[in-house]
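The structure under discussion is supplied below as structure tokens; questions concerning it will follow.
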Amino acid sequence: MHSRSNLLSLAVFFVGLMGYAQSEKEVTPKSYIAYKTSKEIVIDGDGADKDWEKASWTTPFVDIEGVETPKYKTQVKMLWDDKYYYILAKIEEPHVWANLRQRDTIIFYNNDFEVFIDPDNDTHNYYELEINALNTAWDLFINKPYREKNTVLNDWNIDGLKSAVKVDGTLNNASDTDKGWTLEIAIPWSVYKTSYFDDIVPKDKFWRVNFSRVNWRAFYR
């Protein structure tokens, strides 16, 4: 049994905040209860820590254009401790590829996995993280959604970010068929602090979190 103090509630949105094609259909946000880990998770891309076994996978992502079942499956798990917010993403992909290696380049030009965090749930002043299969990260702060006239702070960094990728197959090899890639992330709570004395770990609170998976069509023929 998990005590109430060991719960972290996250409202999880699978509809992107970015200005991609949007469906007219109203979407009811999903929610996820993340549990506190018994010890710090080792970020190696394996997802082998015992505490991950206790965490549930989300339902598979739906297509942002309104298609209920994308061709390739994406799911995540979440955990936390007093220092980090942990994310484990399982990304099905028959040909895993990536070529962007410089941090803070526009990672969604590659297939990638994206995290949007909006602690006060107002769709403004939120944090974005994108990572490709080479484990190259782009982290930024946005004051308004992309569809509005906004300001993007590209020099905002997640100090202390940990991430690792494990490819189940071969990276950038079109001659074989891969199963996909696993991405493991640890984001320090400290990057979301709003004041010196603020306890930002959202125990028993709901935060708005969006996950997005970008998959370009027919990169390999």
So CG of Leu140 and CH2 of Trp156: to nearest 0.5 Å the spacing works out to 8.0 Å
Glu40 vs Lys162, test: side chain to side chain contact (heavy atoms under 4.5 Å, CB included). Steps then yes/no. CA-CA 12 Å; Glu40 187 170 315; Lys162 298 181 182 180; 3.1 Å; yes
Check whether any side-chain N or O of Glu130 sits under 3.5 Å from a backbone N or O of Phe108 as a donor-acceptor pair, and report yes or no. yes
Val76 and Lys90: side chain to side chain contact (heavy atoms under 4.5 Å, CB included), yes or no, with the steps? CA-CA 6 Å; Val76 300; Lys90 182 168 61 175; over 6 Å; no
Indicate if Phe113 and Tyr72 have the same hydrophobic cluster label, given that clusters are the connected sets of ILVMFWY residues with side-chain heavy-atom separations under 4.5 angstrom. no
Met78 backbone acceptor or donor facing Tyr32 side chain under 3.5 Å: yes
Any heavy-atom pair between the side chains of Ile185 and Ile131 that's under 4.5 Å? yes
With heavy-atom distances below 4.5 Å as the criterion, would you say the side chains of Gln102 and Thr136 are in contact? no
Any heavy-atom pair between the side chains of Ile187 and Leu161 that's under 4.5 Å? yes
For the pair Leu129 and Glu114, evaluate side chain to side chain contact (heavy atoms under 4.5 Å, CB included) and give the outcome as yes or no after the intermediate values. CA-CA 6 Å; Leu129 171 65; Glu114 305 177 355; over 6 Å; no
Side chain to side chain, Leu100 and Tyr109, heavy atoms closer than 4.5 Å: yes
Compare all side-chain heavy atoms of Phe211 with those of Val209 and state whether any distance is below 4.5 angstrom. yes
Please determine, by modelled atom types, if Tyr86 and Asp81 share a side-chain donor-acceptor pair under 3.5 angstrom. yes
Show your reasoning for whether side chain to side chain contact (heavy atoms under 4.5 Å, CB included) applies to Leu183 and Ile87. CA-CA 8 Å; Leu183 171 62; Ile87 301 166; over 6 Å; no
Can you tell whether the side chains of Glu93 and Lys73 come within less than 4.0 Å, N to carboxylate O? no
Donor-acceptor contact below 3.5 Å, side chain Trp189 vs main chain Tyr84: yes
Between Asp112 and Trp138, does any side-chain donor sit less than 3.5 Å from a side-chain acceptor? no
With side chain to side chain contact (heavy atoms under 4.5 Å, CB included) as the test, pick out the partner of Asp118 among Tyr126, Trp207, Tyr127. Tyr126
Supply the atom-to-atom distance Thr182 OG1 to Glu92 CD, rounded to the nearest 0.5 angstrom. 11.5 Å
Return the minimal non-hydrogen interatomic distance between Asn135 and Ser163, and the atom names on each side. OD1-OG, 2.7 Å
Closest contact, heavy atoms only, Asp139 versus Asn157: OD1-OD1, 3.2 Å
State, with a plain yes or no, whether a side-chain heavy atom of Asn154 is found less than 4.5 Å away from one of Phe141. no
Here the pair of heavy atoms bringing His95 nearest to Asp176 is CE1-O, 2.8 Å
Looking only at non-hydrogen atoms, find the nearest pair between Ile107 and Ala137 and report the distance. CG1-C, 4.2 Å
Nearest heavy-atom neighbours spanning Pro119 and Ile117: CD-O, 3.6 Å
Looking only at heavy atoms, what is the nearest atom pair of Asn132 and Ala98, with distance? ND2-CB, 3.8 Å
Cluster question for you: counting only ILVMFWY and a side-chain heavy-atom cut-off of under 4.5 Å, with indirect links fine, are Ile106 and Phe116 together? yes
Taking atom OG1 of Thr74 and atom CH2 of Trp57, what is their separation to the nearest 0.5 Å? 10.5 Å
Under 4.5 Å between any side-chain heavy atoms of Phe61 and Thr58, yes or no? yes
Glu184 side chain to Leu88 main-chain N or O, any donor-acceptor pair under 3.5 Å? no
Cationic N near anionic O, under 4.0 Å, Lys36 to Asp51: no
Within the side chain of Asp178, is there an N or O that forms a donor-acceptor pair under 3.5 Å with the backbone of Val96? yes
Linking I/L/V/M/F/W/Y whenever their side-chain heavy atoms sit closer than 4.5 Å, directly or via other members, would Trp80 and Val42 fall into one cluster? no
Find the distance between CG (Asp49) and CG (Leu79) and round it off to the nearest 0.5 Å. 9.0 Å
Is a donor on one side and an acceptor on the other found under 3.5 Å between the side chain of Asp159 and the backbone of Val191? no
Tell me, do Asn215 and Arg213 make a side-chain contact under 4.5 Å, heavy atoms counted? yes
Report yes or no: is the cationic atom of Lys77 (NZ for Lys, CZ for Arg) under 6.0 Å from the centre of the six-membered ring of Trp52, at an angle within 45° of the ring normal? no
